[in-house]
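First up is the structure itself, then whatever we jot down about it.
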Amino acid sequence: MSMTAFDEIYVGAITDQSKAPKKLLQRAYNGAIIATGYAEILLSRAIRKYGPNLLVARF
């Protein structure tokens with residue numbers, strides 16, 4: 001499996017699991033959950049306002 005640039009930054013960052021910054025990781029996890037919920041609310045509002053068939057982005 002190849003690593004991404006993001007993965008390469010953190011290689012070896014936590015070598016001892018007993019010293020992992022658990023509170024920091026929990027805060028990051030909680031923030032991600034909140035952000036995902038907020039994004040879902042914004043998407044729902046946009047669909048109600050503009051309809052489900054509006055093209056948002058092209059990839």
Contacts satisfying side chain to side chain donor-acceptor pair (under 3.5 Å) that involve residues 31-46 (not counting sequence neighbours) are S44-R48
Hydrophobic cluster partners of I34 (side-chain heavy atoms under 4.5 Å):
none
For residues 21-31, run the donor-acceptor check on the side chains, cut-off 3.5 Å, and write out each pair with its distance to 0.1 Å, sequence neighbours left out.
from : atom 1 : to  : atom 2 : distance (Å)
K22  : NZ     : Q17 : O      : 3.2
Q26  : NE2    : N30 : OD1    : 3.0
N30  : ND2    : Q26 : O      : 3.4

Which residues pass the side chain to side chain contact (heavy atoms under 4.5 Å, CB included) test with I47, sequence neighbours left out?
L43, P52
Side-chain cluster (under 4.5 Å, hydrophobic types only) that L55 belongs to, other residues:
none
How would you list, by chain and number, every residue that makes a side chain to side chain contact (heavy atoms under 4.5 Å, CB included) with N53, sequence neighbours excluded?
none
State which residues pass side-chain hydrogen bond (donor to acceptor under 3.5 Å, both in side chains) with T15; sequence neighbours excluded, sorted by chain then number.
none
